[in-house]
Amino acid sequence: MIVLGIETTCDETAAAVVERQADGRGRILSNVVLSQIDEHAAFGGVVPEIAARAHVEVLDGIVAEAMEQAGVALNRIDGIAAAAGPGLIGGVIVGLTTAKAIAMVAGKPLIAVNHLEAHALTARLTDATPFPYCLFLASGGHTQILAVRGVGDYVRLATTMDDAIGEAFDKTAKLLGLGYPGGPQVEKEAARGNPTRFALPRPMQHRKEPDFSLSGLKTALRLEAEAIAPLSDEDVSDLCASFQAAVVDVVYDRLRAGLRIFRAQYGTPNALVVAGGVAANQAIRDVLLKLATEEKILLVAPPPDLCTDNGAMIAWAGAERLALGMVDTLDVAPKARWPLDEVAAARGRKLNTAAYK
């Protein structure tokens with residue numbers, strides 16, 4: 001089956017066409033992403049009103065480009081998928097409304113996709129990863145460890161008590177006067193810095209419960225920066241390196257605790273999967289590979305362009321749901337907040353995960 005996917009939950013306007021083959025494997029036919037970085041850079045972060053307006057202005061063209069690159073006519077599309085949340089509600093409305101219009105005009109099924117579920121299922125698109133697996137979902141707004149047991153079947157094992165990892169990277173960049181988006185800028189500076197110069201804390205380290213906390217680390221970094229201001233270029237690089245090293249240590253420790261809980265409740269996972277924009281950070285990827293090797297499980301890390309927001313992941317999640325007959329009516333509502341572990345309950349459908357073993 002072939003599905004068109006639309007993503008507009010934050011500051012990327014994206015559309016893609018993905019094929020789910022008879023054996024359950026995926027193939028990306030097109031994947032068009034337009035970033036709004038330039039529109040938001042002057043503000044040091046995403047401005048919801050600007051993001052929604054930008055989606056309105058370009059989405060039709062992005063969808064047309066995705067269809068043209070895929071070489072697929074609308075009558076060959078089997079379903080229309082759109083991110084229905086969680087996200088900035090103005091952008092979500094733009095994407096979901098567009099998908100509803102296409103579905104209604106073309107007479108195709110509509111699939112309202114949870115944005116986080118799309119991240120969670122990307123490993124099945126790229127690597128055909130079988131259930132169950134342990135997911136580390138890390139982005140600007142979310143930091144979670146989940147047991148992924150099937151399509152629509154997610155159990156949250158851990159979350160952040162305050163800031164998400166991506167949010168902490170962005171706030172660190174803003175504090176140090178770096179550009180937007182902050183994550184890549186902090187990673188770039190960290191590569192030049194001394195990670196041992198500043199003794200920053202590792203919050204929650206060695207606790208049995210696998211939850212995260214980043215606010216204390218963020219505060220400690222600010223105090224170190226204020227103590228040596230004004231900052232030289234070397235100071236900035238060393239602060240970034242010390243911050244990133246602390247985050248890496250926290251990720252390693254918290255995921256090790258999460259994997260212990262996963263094994264106790266569900267047995268050995270088929271893989272440790274990383275998803276979300278933070279998964280593009282190479283230092284974090286390296287420590288996840290180290291952990292997976294020690295735990296004797298496979299690490300699945302999709303390509304960086306499929307870890308950040310994109311239309312292919314939405315189309316794929318839509319295809320996974322469509323294959324199980326999980327479709328939505330045209331009155332489905334957009335959601336600013338939509339926890340991943342509430343997805344199955346929200347749909348109220350019995351899931352046939354046996355077909356996905």
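Atom set for the values below is all heavy atoms of this structure, side chains included, hydrogens, waters and symmetry mates excluded. Just so you know, these numbers come straight off a predicted model, no measurement behind them.
Here the CD-CG distance, from E187 to L178, works out to 12.5 Å after rounding to the nearest 0.5 Å. Taking CD of E167 as the reference point, atom OG1 of T160 lies at 8.0 Å (rounded to 0.5 Å). Rounded to the nearest 0.5 angstrom, L291 CG and Y252 OH are separated by 6.0 Å. The NZ atom of K100 lies 12.5 Å from the CD1 atom of I6; values are rounded to the nearest 0.5 Å. Residue E342 holds its CD atom at 5.5 Å from CZ of R337, rounded to the nearest 0.5 Å. In this structure, the separation between CG on D170 and CD1 on I165 is 12.0 Å, given to the nearest 0.5 Å.
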Can I get a per-line list of side-chain donor-acceptor pairs under 3.5 Å for residues 66-83, giving both atom names and the distance, sequence neighbours left out?
{"residue": "Q69", "atom": "NE2", "partner": "E65", "partner atom": "OE2", "Å": "3.1"}
{"residue": "D78", "atom": "OD2", "partner": "I2", "partner atom": "N", "Å": "2.7"}

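Scanning for ring-ring contact (aromatic ring centres under 6.0 Å, His included) contacts around Y180 gives an empty result, with sequence neighbours left out. Looking at residues two or more places apart in sequence or on another chain, you find a side-chain hydrogen bond (donor to acceptor under 3.5 Å, both in side chains) between R263 and T268, E295.
Listed by first and then second residue, the ring-ring contact (aromatic ring centres under 6.0 Å, His included) pairs that reach into residues 258-281 are F262-Y266, sequence neighbours excluded. Judged as a ring-ring contact (aromatic ring centres under 6.0 Å, His included), the pairs with a partner in residues 98-124 (not counting sequence neighbours) are, in order, H115-H119.
A salt bridge does not link R53 with E49: every distance from a Lys NZ or Arg NE/NH1/NH2 to an Asp or Glu carboxylate oxygen is 4.0 Å or more. Salt bridge D253/R207: absent, no basic N to carboxylate O contact under 4.0 Å. Ionic pairing of K218 and D163 is present here: one or more N-O contacts between side-chain nitrogen and carboxylate oxygen are shorter than 4.0 angstrom.
Less than 6.0 angstrom separates the ring centroid of F169 from the ring centroid of F243.
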Exercise for review: Could you check R321 against E117 for salt bridge (charged side-chain N to carboxylate O under 4.0 Å, His left out), going step by step and ending with a plain yes or no?
Suggested key: CA-CA 11 Å; R321 285 188 162 270; E117 179 175 42; 2.8 Å; yes
Review point. Hey, mind stepping through I297 and L259 against side chain to side chain contact (heavy atoms under 4.5 Å, CB included) and telling me if it holds?
Key: CA-CA 10 Å; I297 57 176; L259 283 169; 3.9 Å; yes
**Study point:** side chain to side chain contact (heavy atoms under 4.5 Å, CB included) evaluation trace for Y154 with L116
**Key:** CA-CA 11 Å; Y154 312 100; L116 303 180; over 6 Å; no
Practice item. Verify side chain to side chain contact (heavy atoms under 4.5 Å, CB included) between N31 and L306, making sure each step is shown before the conclusion. Key: CA-CA 10 Å; N31 190 27; L306 293 179; 3.7 Å; yes
Practice item. Kindly determine whether Q36 and T13 satisfy side chain to side chain contact (heavy atoms under 4.5 Å, CB included), including the steps that lead there. Key: CA-CA 8 Å; Q36 299 177 8; T13 310; 3.5 Å; yes
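Around CZ of R25, the count of heavy atoms belonging to other residues, nucleotides or ligands within 6.0 Å does not exceed 12. A 6.0 Å sphere centred on CD of E234 holds no more than 12 heavy atoms belonging to other residues, nucleotides or ligands.
Scanning all heavy atoms of the two residues, the minimum distance from A315 to A16 falls at CB-O, 4.0 Å. The two residues A14 and V33 have their closest heavy-atom pair at CB-CG2, 3.9 Å. The heavy-atom pair separating V113 from A118 by the smallest distance is CG1-CB, 4.0 Å. Heavy atoms only, all atoms of each residue included: L135 and A275 are closest at CD1-CB, 3.9 Å.
Between the side chains of D127 and T129, no donor N or O sits under 3.5 Å from an acceptor N or O.
Counting side-chain heavy-atom gaps under 4.5 Å among Ile, Leu, Val, Met, Phe, Trp and Tyr, the cluster of M204 also holds M161.
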